Structures are given as C-alpha cells and as structure tokens.
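Predicted model, so just to flag it, every value in this text is computed and none were measured. The chains referred to below are lettered A, B, ... by the order of the sequence lines, with proteins before strands, and numbering in each begins at 1.
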Amino acid sequence: MTSPASSSEVKYLIESSEGNTFDVSGAALRQSNTFNAMFLNIGADGPIPFTDYNEATLKKVFEYCEHSVNEENYSGPKHQDDLSKWDLNFFNEMDQKMFIDVINASNFLDIERLTSYCCERIARMLRGKNTQEMIKVITLPTAEELEAKQKVEEKKAAAAKKVAEKAAETAEKTETLEELPVQQLVQTTRNKLTRKYLSFSNE
Amino acid sequence: MPPTSSCLNEDYLEGYLYCLHSQGVVVTDAHAQLLAFTRTEIFDLLKVLTLFRSVQRGRYKMRHVEKLVLAEGSQVSENALMEMIALQTVDDFTSYEKIYEDVATCYNWQHIFDRQDVDGHLSRAENREYQLEEVERDYNPQALRGFLICLKSQDVSAKEAFDQLNKAAPEQQIFELKDVKKLFERVDRGEFFERKWPRETWLDKLPDVVNSRIVQKLDLMSRQALKQTCKRFNEFVDREKCVIDSLVITQTQDSVEISTYPRDIFYKKFVQTEKGYAYEDTERMVYNDGRIVLKEKVKGNLKCIFGIPNLRINNLYILDPRYCNFDVYRNLAVENLYLRKVNLVRIHSILEALTPGVLKKVVYLPADYLLTETVYDMDQWRLADSFVTYRTRKEGVVERLGHFCFGKIEITNAIDLHTVLQLRQRFLQNPHFREFKITIPPLGGQKFAVFNMNLGVYDTRRSDPWAHFHYPAPNQHKRVSIRIFDELIWFKGPEYIEGESDRVEKVPKVQRVYSMNGLEYRDRAQYLANKLCHYTAHVEYEGYIGFRDVHRLVEILLENPKFKEMRINCRLTQYNLDRIYKLGIAMPFTVGCEIMPFKQYLYPPPIEKKSLLLFVKKDFIWFVGPTGCLEAVGGAHDMGGYVLAKVRNFKQIENRDLFV
C-alpha cells in the first residue's frame with residue numbers, strides 16, 4: 001500500500017490482535033529494527049500484522065516512537081534525571097500489565113531506546129533492595145489477592161457513593177428550604193418546635 | 001514439609017542449635033535437623049559437637065563469645081566497654097587514666113559508666129578473683145533470634161517461646177513478649193524462612209533477553225539479592241555474564257576499600273580505629289582486635305564478588321592486600337593485574353588464583369621485591385603477554401621475560417651485549433612481538449659504542465640510529481628494531497603500538513564519579529554542597545558524610561560570602577566524629593552541656609572580617625554563614641576565636657523555619 005522509498009510522510013497501517021487497524025507514520029515505524037528488516041525494503045501490501053499484541057499496547061509503543069522521532073542521538077538512560085517529563089508521564093500512566101505488554105512488544109519490534117528505558121526502569125525498581133523487598137516488588141498478585149483488592153475498592157466506591165448521596169440529599173433539602181416562602185418556613189419550624197416541646201413534656 | 005532457610009548467619013544458627021540442645025536433642029540429630037533447615041552444611045558434625053560441649057560446660061550461653069560488641073545500633077554496652085578497658089590495662093600495662101580518657105573522647109566525654117565500677121572490674125581482674133573469660137558478656141541478639149526461630153519452625157506459640165527463651169537465657173532484656181510476637185509475625189510474612197514459590201513474578205512474563213538486560217544493569221549486591229528470590233532467577237543470574245571493568249582493593253594502615261568502576265556496582269569501606277576496634281557495619285561496633293574484623297569483612301565481601309559465576313574482571317588493582325586471602329580462589333578471569341606493595345608469597349597466591357591464558361598484563365609497580373623462580377614457573381606467568389616492573393636483574397632475563405610481547409622493565413645491574421643479543425634472538429621467534437623497553441644503569445661511552453657497532457649501527461649521528469633485524473621465513477617481511485640509548489635499550493616489534501609504553505602503567509579509572517542533574521562531580525564535597533541545597537536550607541541527608549567531606553564543605557562555603565546557613569541532618573559515624581573533633585574541624589560537643597561550641601572560620605581576603613561558623617554533633621552538622629541569622633548564636637560573629645552559643649537560644653531558633 002505504500003512505497004518504502006517515500007519516508008516520513010508515509011503512513012503505514014498496523015493490524016492488532018483484535019483485528020483493528022490504525023495508522024503509524026513511517027518515521028516512527030522505522031525505529032523498529034524488526035520492521036526495518038522485514039518491510040522497509042520490500043514494502044507492505046495491506047496492513048502490517050502485529051497480531052501478538054493488542055491495540056492499546058501497540059498504540060502506546062508507537063506513541064513513544066512518534067515522540068522520539070526527532071531525538072536521534074541516543075546513548076541510553078544513565079540516570080533518572082535523564083528521563084524527560086514526557087518520558088516520566090509516559091511510564092507513570094501505564095499499569096503493571098500494560099508495562100509488561102509494552103516491554104514485550106518493544107522487544108519484539110526491537111525498538112532499542114524504549115526497551116532500554118524499560119529495562120532501566122525495572123533495574124531501578126530492584127536496585128538497592130534486599131531479597132524480601134525484591135520479592136514484594138516482583139510478585140504478581142494472586143487471584144485471591146486481586147479479589148480482596150477488588151472488594152476493598154468496591155467497598156470504598158460504595159462508601160464514596162453513600163457520602164455523595166447524602167451530600168446530594170442535604171443539598172436538596174437546603175434547596176427546598178430556600179424555595180419555600182418565608183411564612184411557610186416559619187410555620188414548619190414552629191410545628192417542629194411544638195412537636196419537640198410536646199415530646200419533652202410527655203417524658 | 002518443615003521450613004528451610006539458607007540465609008541465616010552463624011550467630012543465628014548457634015542460637016538454633018542451643019535451642020535444640022535445650023530440648024535434649026542429641027548431636028547427630030541436631031546436625032541432621034540443622035542441615036535439613038539450612039540445606040547447605042554451614043556447621044559440620046564436629047562443629048556441632050564442639051558447640052554442644054561448650055554448652056554443656058557452660059561456656060556458651062548465647063552471649064557474645066569471640067567478639068566484644070561495644071555498641072549495637074544506638075545502644076552502648078557498658079559491660080563491654082569496661083571489659084575492653086580491663087583487657088587493655090591487663091594486657092598492655094597501659095595506665096587506666098589514658099585508656100579511660102581515650103574511650104571517653106570517643107564518646108564525646110560522656111560519662112557512660114562510673115569510675116568506681118571500672119575500678120572494681122579491674123581489681124577483680126588483677127586479683128584473679130575470676131578469669132576475664134568468665135565475665136558474663138551481653139546476650140547476642142542474633143543468637144536469641146536463632147533460638148526463637150528454631151521454636152517457630154516447630155510451630156511453638158509466641159507465649160510459650162518467650163517462656164522457653166527466658167528459661168534458657170535468664171535476665172535477658174532484649175526480647176519482651178511483644179518483640180517475640182513481632183518476630184513471629186515477620187516469620188509468618190516470609191522473612192527468615194524460604195518461601196515455597198507458587199507465585200508468579202512479572203519478570204517471568206518477560207523474555208530472557210530482556211531479563212538479561214535488566215540483570216546487566218544491576219549492581220553486585222542487587223544481583224545477589226535477586227538470586228535469592230527464587231530458583232529460576234538463581235539459575236538465570238548465574239548464567240549471566242558479569243563484567244567488571246575495574247576492581248580496586250586498596251588498603252591503608254587502618255582501612256580497607258573495595259570499589260569498582262563503572263561506579264555504583266560495588267563500593268565498601270571498612271575502617272579500623274586507633275583504639276583497636278572496627279566498624280563492622282553502620283550498626284555495630286566491635287572490639288576484638290579490629291584487624292580480625294577487617295579481615296573477616298574483606299573476606300566476606302571478596303567472596304561475594306569472586307563467587308559470581310561467569311565473572312570477568314578487566315582490571316584488578318591490588319594495593320597492599322594484607323587482609324585479602326587469595327588462596328581460597330581459583331580460576332578468576334582477570335585480564336590485567338596491577339600490584340603494589342605486595343610481597344612474594346602473596347604475588348604467588350594471587351597469580352595462582354587467576355586463570356592462565358586470560359591474564360594478559362602484569363604491572364608490578366613500585367616493585368618492593370624481586371620476583372623469584374616460583375613465580376616465573378607458573379602457567380599464568382608464561383601465558384601472559386605484557387609485564388611492567390622497575391626492579392629486576394639481568395640474570396635469567398631472557399628465559400623469564402623473553403616470552404612477553406610487551407615489556408617495560410628496569411634492570412638494576414649492568415647489562416652485557418650477550419644478553420641483548422639473546423633477547424633479540426628470542427624476540428625474533430615471536431611474530432606478535434610489540435615492544436620491550438629496558439632501563440639500565442648508564443652504559444658509558446665505550447660500551448655504548450661497542451653495543452652499537454655489534455648491532456650494525458656505526459654512526460648514530462648521521463645514519464638511522466635503529467638497527468633492524470628481519471624475522472626468519474615465513475615472516476621475513478617483519479622485523480625487530482633495536483635502539484641503544486645511554487640508559488635505555490628499546491626493542492620494537494612488528495606489532496608495535498605507539499604510546500603503549502606511556503599508557504601501560506596508568507592505573508585504570510577508579511575514581512568515583514557522582515552524577516546529579518546531568519552533571520558529573522568528582523569532588524564528593526562539591527557534589528554534596530550542590531546536592532544538599534542552595535546553601536540556605538535545612539536538609540535531611542541519608543548518605544554517608546565523612547570528616548574529609550565536612551572539611552571540603554567548609555572550604556567550598558568559604559568561597560561564598562553570601563552564604564546564609566545550612567543544617568544537615570545526618571548520622572555521622574563515631575569514627576568520623578572523632579576525627580572531626582581531633583583534627584579541629586569542629587569543636588567537641590558534650591551531650592548535656594549547656595553551651596554549643598561553634599568553630600569559627602574567617603573568610604579569606606578580600607572578604608575579611610566575615611566568618612563562617614560550624615557546629616557538628618553526632619546527628620547534625622550546622623553551618624552559619626555571614627548573612628545567616630546572627631541571633632542564633634548570640635552575635636557570635638563578632639567574637640574572636642571559638643564561639644559559644646547558649647542552648648536556650650539555639651532551641652528557640654531550632655523551631656524557626658530555616659528555609660529562606
């Protein structure tokens with residue numbers, strides 16, 4: 001569908017595991033050595049299938065490639081400070097599962113810079129920790145733990161919902177009070193007070 | 001299946017065995033049970049038997065035996081200090097006052113024990129009322145923990161374990177019931193015992209190529225920790241190559257430093273103080289002859305490094321390896337070896353530990369000893385290709401050094417023509433010969449002319465001063481060139497590399513470099529000064545600060561007349577504090593004293609009449625500059641010499657926000 005000769009303006013179609021296709025610029029795609037080896041010289045008819053990875057993962061990977069198109073002279077991250085704000089945000093947005101998928105996809109596509117950043121990030125998570133701390137970092141939660149975590153989250157959500165409902169109710173009440181005419185308001189409070197007085201006198 | 005653990009040290013295991021002994025387990029069963037628990041044999045049967053015997057004879061009661069632990073964490077052991085003073089007095093006949101003064105200086109002149117107590121202790125020792133060995137030392141917390149772990153492995157409840165501990169170790173005050181419960185909770189959480197590993201890790205989901213890259217980025221200690229997480233990673237880390245560019249073992253009179261380059265892979269420093277004790281780690285100070293502790297620590301750390309499978313060290317630099325025992329290592333892959341202040345026996349044992357064939361270069365500078373036949377006969381020597389030393393003799397130089405492709409040596413006695421011609425013949429047999437430089441005592445005019453004439457150089461001023469000799473077939477196009485100087489004989493081979501002889505002595509890059517915000521600092525204090533704020537902050541710093549750093553910080557701050565103040569909350573080691581006070585970097589401070597002594601530094605010209613004040617205490621360092629809050633020190637800048645500030649003033653200031 002595209003001629004390999006025309007470079008950065010050219011868009012390539014990528015097919016994910018769900019069968020969805022999306023556009024990626026040639027310049028971004030050329031950061032993948034796998035792509036360079038497979039398609040750059042011969043070109044591709046139709047969408048390029050990367051069907052081992054889902055759309056979200058591939059989009060994330062190519063988002064990184066698009067961003068780093070202009071930064072050609074790369075010598076690997078040396079320090080946390082080497083990561084730009086954008087890079088930090090990029091990594092912080094991902095959850096653990098997505099992070100693993102991104103590393104795998106980046107490794108398959110052979111995108112040196114992204115893979116190196118990911119490895120450095122993991123190394124930083126492990127560096128300076130003792131065995132017990134490392135175990136905590138690297139273990140995946142079991143199904144029970146996930147369930148328990150989900151329950152806690154549900155409880156939290158329910159509690160938050162209740163609080164929100166209560167807040168809404170009080171807001172409604174104040175609104176209705178505000179809407180009542182002054183005379184009626186006086187009458188209702190008077191009624192309430194008499195009811196209270198009666199209940200006290202009965203006791 | 002009973003729990004297992006292979007990460008407990010010997011102190012723990014002694015406590016474990018003590019527990020088994022108290023339960024009436026016989027020696028063989030105890031050994032078998034311990035072996036099942038540790039899975040590797042840390043205590044052999046004989047060792048268990050010896051321990052059981054000393055328990056029976058009442059010599060081992062889970063107290064410190066070999067080491068006299070003076071302080072653990074923040075707690076100073078008065079008994080141990082008294083014993084140390086008594087031991088020193090009895091052993092060296094040193095006067096009591098001097099030792100007492102020494103110890104008190106270390107503790108900022110705190111009166112940590114009564115003099116009467118020490119006198120009593122001394123008199124008992126001198127009157128031989130009882131042997132010093134029989135003095136009841138403090139309980140070893142690790143052994144007590146080992147005792148409890150043994151009970152935990154038998155599913156004993158915390159309450160019951162506490163009761164049993166109190167029976168076995170009467171009057172112990174280290175563990176209360178709540179501490180035992182906490183310890184058992186830690187065990188339940190997976191500490192101390194090895195975990196069965198049904199759980200999946202997310203590193204399992206990554207391909208080996210990626211895991212390999214991650215491991216390559218880890219430092220040595222993290223690698224070891226990762227190895228212990230599970231079997232898969234244990235095998236994986238062992239399979240991975242580990243290349244250390246430079247490993248440097250340097251030793252001074254009172255310290256040993258092991259460091260690597262690239263930085264951050266490994267760095268450890270152990271210091272022995274003047275009084276004979278050493279800092280075992282940041283938590284524990286031990287008196288038992290500091291040299292032994294240093295030896296143990298160095299041994300442990302080298303074992304940790306050299307125990308890595310697939311390890312390759314490009315440059316190994318050893319300066320005075322008094323505490324390093326290389327006899328226990330074999331087949332270390334080291335490419336270049338740099339030795340300084342190493343005696344012959346050690347050179348032999350070091351060379352024997354290295355893999356023959358991998359070792360390429362031996363640099364022995366400055367050479368304190370002449371190498372002997374035992375070294376020359378080793379495979380490591382014969383297969384090496386470069387050698388540098390400034391101390392050798394002409395005898396046997398052809399047989400011993402003729403096989404090297406590169407050499408830079410100094411011969412101490414006069415060389416004769418025959419040796420030079422023999423060397424030429426030897427080099428002409430090696431087509432990969434590069435260069436050989438021999439520094440010799442001055443030849444003198446006549447000998448110089450004889451050498452040149454025999455090599456075929458008749459007039460050095462007019463013709464080419466180099467004598468050229470071609471290799472025999474099939475390398476007839478290659479040649480060895482020789483040039484005679486008055487104090488140098490220079491052989492150049494077909495694979496000569498220009499400048500190699502200038503570079504060869506250079507010790508590999510070992511200086512630690514600190515990086516921050518993309519900038520790299522070689523000066524630690526400069527790095528600290530920049531890291532620890534913009535000269536006006538109140539900062540918490542968790543890293544190590546030494547007395548040299550404080551000194552450099554003073555120098556750096558004296559360059560800045562606008563400096564206000566900086567308070568660094570950090571923990572100084574006793575050694576550094578001691579040095580800071582002794583060298584006069586800061587004034588000594590006594591806990592409980594009403595005044596805070598500030599040391600005053602005057603600014604150099606042209607900023608004269610301004611001063612920088614410094615106060616150092618165990619847990620913080622406080623700099624006050626010329627534009628700092630003067631009331632903090634009661635107008636101290638106007639006073640000459642040492643400055644004292646009242647604590648009351650300081651406390652008021654302490655509550656203020658020091659951020660400007």
Side-chain angles (χ1 to χ4, degrees), chain A residues 33-34 52-53 57 75-85 87 94-146, chain B residues 5-8 186-187 189-230 232-234 236-237 262-267 513-520 531 542-543:
Chain A
N33 291 332
T34 310
D52 285 347
Y53 305 98
T57 308
S75 57
K78 287 173 191 157
H79 197 264
Q80 178 73 17
D81 295 342
D82 291 359
L83 292 177
S84 66
K85 255 189 185 177
D87 289 329
M94 286 187 271
D95 61 5
Q96 200 179 54
K97 193 180 171 303
M98 170 74 97
F99 186 49
I100 294 166
D101 288 344
V102 165
I103 301 173
N104 278 323
S106 149
N107 179 52
F108 171 74
L109 292 166
D110 198 0
I111 303 165
E112 172 56 31
R113 181 172 179 158
L114 183 57
T115 316
S116 182
Y117 268 176
C118 291
C119 291
E120 176 62 25
R121 215 172 153 73
I122 296 171
R124 284 186 64 84
M125 283 156 72
L126 301 178
R127 234 175 264 154
K129 292 199 166 56
N130 62 28
T131 309
Q132 299 303 330
E133 289 166 341
M134 258 187 205
I135 288 170
K136 275 179 203 165
V137 172
I138 62 175
T139 39
L140 285 172
T142 56
E144 293 152 5
E145 280 172 346
L146 280 175
Chain B
S5 175
S6 57
C7 57
L8 300 179
R186 280 174 67 189
V187 176
R189 279 203 301 271
E191 291 180 44
F192 299 108
F193 292 163
E194 272 160 20
R195 296 164 76 107
K196 288 154 206 151
W197 200 258
R199 301 185 67 172
E200 201 182 6
T201 68
W202 50 267
L203 291 178
D204 288 325
K205 294 192 167 185
L206 300 177
D208 277 359
V209 193
V210 174
N211 278 334
S212 161
R213 286 180 71 159
I214 294 167
V215 171
Q216 294 293 343
K217 285 173 188 280
L218 292 179
D219 57 292
L220 297 186
M221 301 314 273
S222 306
R223 271 176 180 240
Q224 295 296 323
L226 185 65
K227 255 181 82 168
Q228 286 167 6
T229 53
C230 69
R232 179 173 175 257
F233 284 118
N234 193 318
F236 185 80
V237 173
R263 62 183 183 274
D264 297 340
I265 289 186
F266 192 90
Y267 180 79
V513 180
Y514 307 90
S515 80
M516 187 177 62
N517 298 333
L519 294 171
E520 292 199 328
K531 184 183 177 70
E542 287 179 356

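- Annotation: side chain of B:S222 is in contact with side chain of A:M134 (closest heavy-atom distance under 4.5 Å).
- When side chains are defined from C-beta on, A:I122 counts as touching B:L203, because their heavy atoms get closer than 4.5 Å.
- Contact annotation for A:Q96: only side-chain heavy atoms (C-beta onward) come within less than 4.5 Å of a heavy atom of chain B.
- Across B:K217 and A:R127, no two heavy atoms sit closer than the pair O-NH2, 3.2 Å.
- Distance check: A:K97 NZ to B:K205 NZ gives 7.0 Å after rounding to the nearest 0.5 Å.
- The CG atom of A:N130 lies 11.5 Å from the OG1 atom of B:T229; values are rounded to the nearest 0.5 Å.
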